[in-house]
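Below is one structure; the comments refer to it alone.
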There are 2 protein chains.
Amino acid sequence: MKTADSANGNAATIKDVARQAGVSIATVSRILNGSAGVSPALTERVQQAVDALGYQPNAVARALKVKESHSIGLIIPDIENPFFPALVRGVEDMARSHDYAVILCNSDGVGSEEERYIRLLHGKQVDGVIFTGGANSDSSMELLASLPIPAVSLDRQSKRVHMSSVVVDNVYGAALAVRHLVELGGRRIAFIGGSPQLSVAAERFKGYGQVLAEYGLPLDEGLILHGDFTYDSGYQNAWLLLEKEREFDAVFAANDMIAIGVIECLAARGIRVPQDVRVAGYDDIRLAGWYKPALTTVRQPVYEMGQEAVRMLLHLLGSSAQEMVEKRFRPELIVRQSTGGDE
Amino acid sequence: MKTADSANGNAATIKDVARQAGVSIATVSRILNGSAGVSPALTERVQQAVDALGYQPNAVARALKVKESHSIGLIIPDIENPFFPALVRGVEDMARSHDYAVILCNSDGVGSEEERYIRLLHGKQVDGVIFTGGANSDSSMELLASLPIPAVSLDRQSKRVHMSSVVVDNVYGAALAVRHLVELGGRRIAFIGGSPQLSVAAERFKGYGQVLAEYGLPLDEGLILHGDFTYDSGYQNAWLLLEKEREFDAVFAANDMIAIGVIECLAARGIRVPQDVRVAGYDDIRLAGWYKPALTTVRQPVYEMGQEAVRMLLHLLGSSAQEMVEKRFRPELIVRQSTGGDE
DNA sequence: TTGAAAGCGCTAACAA
DNA sequence: TTGTTAGCGCTTTCAA
């Protein structure tokens, strides 16, 4: 059974189609690409040949010729991190709607892996790359920026490396959460953060500080702990906080997994949320709504950010002028039980 | 700043390297590909030229020549479905370790999208595709099987289409859960299933039936409801079940989202889990462990399945003999609070 | 051990 | 409106 194969046993090529239709390969190419000026008669004959042979144009050969692969690379730390599936889907959907394929790369946020992937993608002649780095990826970004490949930085912003980016206003988002905590009566609000090298972590801390200042509350070093964006880090830092015997009436956690770690730790010590301490998180991962107590958190338009990154990249491809652009989304506060602000 | 570019303003090619090193392009190619029989002296000179030019071999040109793209396609329904991130990661990791790139495709389980992607991947000359279809993807699988592209079916098995596959023994897994329910005293165990066209759904139902038979319990049609693999479906079917006023003391849900839907519905009607009714799910998604009550469920080695699919595919590539193989994993029972079997 | 040259499948001048 | 042909960047046969 070799329906789709031409006489020589291999997949049909444009030559086979041309022969079958009795025309030149140029004519076939024109018809396939919808170029103007081909007679309906030939178009018809070629179409029939295409169908008969089950011909599928070789995109690799085309890419070599036109120097466009119609693929983009997407580098993220880890698809298993609940933040990323929606982001990836946004990218994929928008890419597909423009007939681009996406090559997915998980770097675990490790610089060497990021660079390895960047080179791989470069070799594969991707038309652009969307990059979400790890905690220390300035040098990866430098490498990326040095290559003749359009790139956009997604959910990250580097001080050192200039690159078009789509981000969300984390200062604003954090402020939303902290303000909510203050308005509910919080006066001694702890901050339990993520990897401080990450711009998103730093910005959330900044938003926290801003709101305290706004309300004339003191910034108490004893209530501030940095870690990383994991459950364990949240749990441990909550533990540390309790060890200090520093009083606090609320916690702003830099993401939802931290928040859950914090709440579990508090629960283990008999401290109730939100009755004794109010806790807010960040990201609105799926789990946030199902967890008991359901998490008050800050939702980011993750899917839309993925879409926008592709839109921006495609725009960069179109305009040879490499002006740098930035798109900044606004997050929103989702109030649930963990702050007791939902009644 | 055009460090990486050759004189003509474009990216360096093998020609540029050859000229710079004063050798022929054949020699450069040999060195780059580690072919035997090149003198150390030339190797050294070529290496220097490569570094100086920041030369990156053009994988598209190479792919055209050698007819191997070193890419594989991965078609899944939806990366936002919590089942898939670990699967994708398994695929990606194994692919990367063999220097393959993976093109991610979300089909939403829609046949027309699946076929669209299959053709796209075919055009892109991927070396193989890993396919996880939707409820009605027999025709997509037929298309895929008709193409000269090695393929493996992941977590799916078609009666009609023959294809190498990696699956998990769902009959066994379901039996694990239902047996657990029986041993805890369940006598009237309801089954709330997923899309019955999906082999996994059908197998889980089969496992349910087997255990009832094993214990001499009747198969009561009134306790069996089919739907799809969503929270809403679980909620609605639980509602329907209650409407029937048919007594039941346990529920086996065909996946975790259904189980949660069921539990929420029962809770809304004042029925406690596990005190009044025991509920078991399937999949052990991340949420299962965090949900209150934590879900008793069946865990599948999802990451390993992804890895195995790539291993199998690569093996298929190696051996031109297209023998069909199957790898069947065994799931395990994870006992938690929702069945009250964890004390 | 090295180089010259053909050719992978396609597009796009250019010519007719 | 159609065909001929050069060439994209690479690998590999063949000859030297």
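Per chain, numbering begins at 1; letters A, B, ... match sequence-line order.
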Is there any protein nitrogen or oxygen under 3.5 Å from a nitrogen or oxygen in nucleotides 1-3 of chain C, and what are the pairs?
unit_1: C:dT2; atom_1: OP1; unit_2: B:Ser39; atom_2: OG; d: 2.6
unit_1: C:dT2; atom_1: OP2; unit_2: B:Ser39; atom_2: N; d: 2.7
unit_1: C:dT2; atom_1: OP2; unit_2: B:Ser39; atom_2: OG; d: 3.4
unit_1: C:dG3; atom_1: OP2; unit_2: B:Ser24; atom_2: N; d: 3.0
unit_1: C:dG3; atom_1: OP2; unit_2: B:Ser24; atom_2: OG; d: 3.1
unit_1: C:dG3; atom_1: OP2; unit_2: B:Thr27; atom_2: OG1; d: 2.5
unit_1: C:dG3; atom_1: N7; unit_2: B:Arg30; atom_2: NH1; d: 3.3
unit_1: C:dG3; atom_1: N7; unit_2: B:Arg30; atom_2: NH2; d: 3.4
unit_1: C:dG3; atom_1: O6; unit_2: B:Arg30; atom_2: NH2; d: 2.4

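Taking a 6.0 Å sphere around NE2 of B:His98, one finds it holds more than 12 heavy atoms contributed by other residues, nucleotides or ligands.
Rotation axes derived from the C1' atoms of the five outermost pairs at either end of the helix from C:dT1-D:dA16 to C:dA16-D:dT1 lie 40° apart, to the nearest 10°.
By the salt bridge (Lys or Arg N to Asp or Glu O under 4.0 Å) test, A:Asp51 is found to be paired with no residue, residues two or more places apart in sequence or in another chain being considered. Residues that satisfy the ring pair (Phe, Tyr, Trp, His ring centres under 6.0 Å) test with B:Tyr100, not counting sequence neighbours, are B:His70. Considering only residues two or more places apart in sequence or on other chains, A:Phe329 meets the ring pair (Phe, Tyr, Trp, His ring centres under 6.0 Å) condition with none of them. For A:Glu115, the salt bridge (Lys or Arg N to Asp or Glu O under 4.0 Å) test picks out A:Arg119, with sequence neighbours left out. Among residues two or more places apart in sequence or in another chain, the salt bridge (Lys or Arg N to Asp or Glu O under 4.0 Å) test is passed with B:Glu142 by B:Arg160. Partners of A:Ala101 according to the side-chain contact (heavy atoms from CB on, under 4.5 Å) rule, which considers only residues two or more places apart in sequence or in another chain, are A:Ser71, B:Ile103, B:Leu120, B:Lys124. Looking at residues two or more places apart in sequence or on another chain, you find a side-chain contact (heavy atoms from CB on, under 4.5 Å) between A:Arg30 and A:Ala26, A:Thr27, A:Ser35, A:Val38.
Between the CG atom of A:Asn33 and the P atom of C:dC10 there is a distance of 10 Å, rounded to whole Å. In this entry the distance linking CD1 of B:Ile14 with P of C:dA4 reads 14 Å, nearest Å. As a whole-Å value, the separation of A:Asp16 CG from C:dC8 C1' is 13 Å. Counting to the nearest Å, the P atom of C:dT11 and the CD1 atom of A:Ile31 are 12 Å from each other.
If you walk DNA chain D from 5' to 3' and mark each nucleotide with an atom closer than 4.0 Å to a heavy atom of chain B, the marks span D:dG9 to D:dT13.
Residue pairs that meet the salt bridge (Lys or Arg N to Asp or Glu O under 4.0 Å) test with at least one member in residues 52-80 of chain B, sequence neighbours left out, are A:Arg89-B:Asp78.
When atom types are taken as modelled, the side chain of A:Asp108 and the backbone of A:Val110 share no donor-acceptor pair closer than 3.5 angstrom.
A salt bridge is defined here as a Lys NZ or Arg NE, NH1 or NH2 lying under 4.0 Å from an Asp or Glu carboxylate O, and B:Arg156 with B:Asp138 fails to meet this definition.
Side-chain N/O atoms of B:Gln157 and B:Ser165 include a donor and acceptor closer than 3.5 Å.
Nearest heavy-atom pair, B:Val126 versus B:Val129, reported as atom, atom and distance to 0.1 Å: CG2-CG1, 4.1 Å.
Taking a 4.0 Å limit (strictly below) on heavy-atom distances, residues 63-71 of chain A reaches DNA chain D at A:Leu64, A:Lys65, A:Lys67.
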